[in-house]
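Numbers restart at 1 for each chain; the letters A, B, ... are given by sequence-line order, proteins then strands. Only this structure's heavy atoms are used, side chains among them; waters, hydrogens and symmetry mates stay out.
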Amino acid sequence: MSTEVQNTETQVKEKKKSEPLFSKKNIQVLKDPLNDNNPVTVQVLGICSALAVTTQVKPSFIMALSVVFVAGFANLIISAIRNTVPNRIRIIVQLVVIAALVTLVDQTLKAFVYDVSKQLSVFVGLIITNCLIMGRLEAFAMQKKPWPSFLDGVGSGVGYGLVLLFVGFFRELFGSGSLYGFQVVPQWAYDAGYVNNGLMMLPPAALFLIGIYIWIQRALNKDLVNIS
Amino acid sequence: MHNNKYTFIYAAIITVIAAVLLALAAEGLRPMQEVNIRLEKKANILSAARVDVSDKSKLEELYDANVIELVVDKKGNVLEGERAFDLEMKDELAKGDDMRLPLYLYETDEGRKVYILPLRGMGLWGPIWGFISLEDDFNTVYGANFDHQGETPGLGAEISTSEFSDQFVGKQIFGDERESVQLKVVKYGTEPNRPSEHRVDGISGGTITTVGTSDMIKNNIMLYQNYFESVKQGDEDGADEIEEEIEQAEEEAVEM
């Protein structure tokens with residue numbers, strides 16, 4: 001594993017002169033977490049917030065955006081200062097950067113989308129402890145250059161967000177009969193005896209949905225079976 | 001390997017940079033946050049009077065048109081020249097006998113008067129607050145609305161749901177003597193002798209928060225007792241005084 005990392009590092013150094021911003025490798029870094037290396041379904045990181053905030057699409061979406069922002073910029077900043085960070089306090093430095101970014105996001109949400117910020121309540125603050133972000137800092141940003149790190153952060157955030165939106169979509173559709181706050185199940189369906197599924201509003205439903213997502217993903221991609 | 005001095009200086013610099021950035025952001029965004037907080041308070045006041053507040057754009061208008069703000073003291077006198085909306089129960093409760101008590105008057109579409117009282121108390125992890133509205137007998141609950149800072153999601157935090165607060169509608173605050181608050185949030189199956197108009201079902205797993213809610217209602221409503229009495233007496237003498245006050249307040253509102 002470590003020799004692999006070294007190899008890729010030397011490769012990076014060789015290519016240093018003129019690597020285009022969206023080279024094949026960088027695109028790969030961005031795309032990997034969307035499917036084959038998805039932080040939630042493959043690495044199983046950040047599950048708790050995925051259970052808690054996905055009762056509706058809107059909070060899932062805002063949460064996903066927040067995580068994309070925090071993961072992207074935390075990776076960028078940490079990667080930019082990676083050579084100056086004293087090794088003994090690197091986790092603390094990472095935490096300070098993450099906490100600062102999360103607080104920034106929290107304050108911004110309170111200013112512009114107050115009702116969503118109330119709904120997300122503590123979970124925005126808990127992005128700080130989301131293993132996804134610190135995991136990417138330790139595994140990627142501490143070794144790689146800022147631009148690929150930024151892409152990796154954004155990719156991980158989007159990969160996390162995709163799962164959130166998937167779960168939020170089904171939970172809101174079956175739990176409240178609406179999508180992004182708009183009623184989609186018509187009144188006549190309720191009159192005819194259709195009932196919203198109360199289980200969908202509870203956290204276990206998210207666990208089932210994530211399980212189904214993982215099932216489908218692994219059925220489509222056999223390489224993922226038994227790797228985590 | 002970096003030496004100790006470098007590590008310390010590095011940590012200090014990082015901390016200072018983060019602190020300055022956050023302080024700037026917090027200051028810059030505060031005006032917008034305060035607008036949101038005030039709007040939410042108005043929404044909470046209105047929803048305690050069972051007004052539909054789902055349309056945020058009409059909220060200010062609804063509030064300004066229908067709610068009259070009053071400030072009273074513990075002895076039941078109406079204080080002039082105070083803005084009820086700017087008073088925080090948190091600060092006022094700490095003032096003892098000098099406290100100024102905000103009170104909101106709402107007139108329903110059918111012309112019934114509803115008195116909305118702010119509440120503040122302690123939950124399990126932190127403060128809880130809300131509004132409760134009483135009909136003009138100062139006894140029957142017309143509506144209620146609760147919120148909290150950090151109660152446990154799914155347990156104590158359920159006090160902010162309408163499932164919980166809707167239970168208060170139609171309950172009676174006082175017994176026959178009107179001396180002590182009889183309304184109580186109780187655990188299902190306990191206190192079988194408490195009549196149904198004085199009991200509200202608690203939340204399983206959220207006992208401390210619901211007991212806090214119960215105490216909050218008891219403590220806060222007692223503060224308004226003297227005012228209620230004086231209004232009732234006034235009613236017997238002819239309710240003109242209050243009417244005048246309301247008209248005056250309405251005029252002021254129009255002028256503003």
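Heavy atoms of A:Leu104 lying under 4.5 Å from chain B belong to its backbone as well as its side chain. Both the backbone and the side chain of A:Val85 come within contact range of chain B, with heavy atoms under 4.5 Å apart. Within the 4.5 angstrom heavy-atom criterion, no atom of A:Ser117 approaches chain B.
Contact check for A:Thr108 versus B:Gln33: no side-chain heavy atoms found under the 4.5 Å cut-off. Contact of the B:Glu40 side chain with the A:Asp115 side chain is not registered, since no non-hydrogen atoms from C-beta on lie closer than 4.5 Å.
Using a 4.5 Å heavy-atom cut-off against chain A, the contacting residues of residues 5-23 of chain B are B:Tyr6, B:Thr7, B:Tyr10, B:Ala11, B:Ile14, B:Ala18, B:Leu22. Proximity to chain B among residues 56-83 of chain A is limited to A:Ile81, A:Asn83, judged by heavy-atom separations below 4.5 angstrom.
In B:Leu93, the CG atom is crowded: over 12 heavy atoms of neighbouring residues, nucleotides or ligands sit closer than 6.0 Å. Counting non-hydrogen atoms of neighbouring residues, nucleotides and ligands closer than 6.0 angstrom, the CH2 atom of B:Trp125 reaches no more than 12 such neighbours. Atom NZ of B:Lys218 has 12 or fewer heavy atoms from other residues, nucleotides or ligands within 6.0 Å. Around atom CD of B:Glu61, no more than 12 heavy atoms belonging to other residues, nucleotides or ligands sit under 6.0 Å away.
Remark: B:Leu39 CG to A:Tyr114 OH distance equals 10.0 Å, nearest 0.5 Å. Atom CD in B:Glu27 sits 10.0 Å away from atom CD in A:Gln107 (nearest 0.5 Å).
Options A:Ala100, A:Pro203, A:Ala111 differ in how many heavy-atom pairs under 4.5 Å they form with chain B, and the most are formed by A:Ala111. Of the listed residues (B:Glu34, B:Met32, B:Arg30), the greatest number of heavy-atom pairs within a distance under 4.5 Å of chain A belongs to B:Met32.
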Please lay out, stage by stage, how A:Lys110 and B:Ile37 fare under the test side-chain contact (heavy atoms from CB on, under 4.5 Å).
CA-CA 9 Å; A:Lys110 273 194 188 126; B:Ile37 290 167; over 6 Å; no
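Proximity of a side-chain donor or acceptor of B:Asn36 to a complementary backbone N or O of A:Val113 within less than 3.5 Å is not detected.
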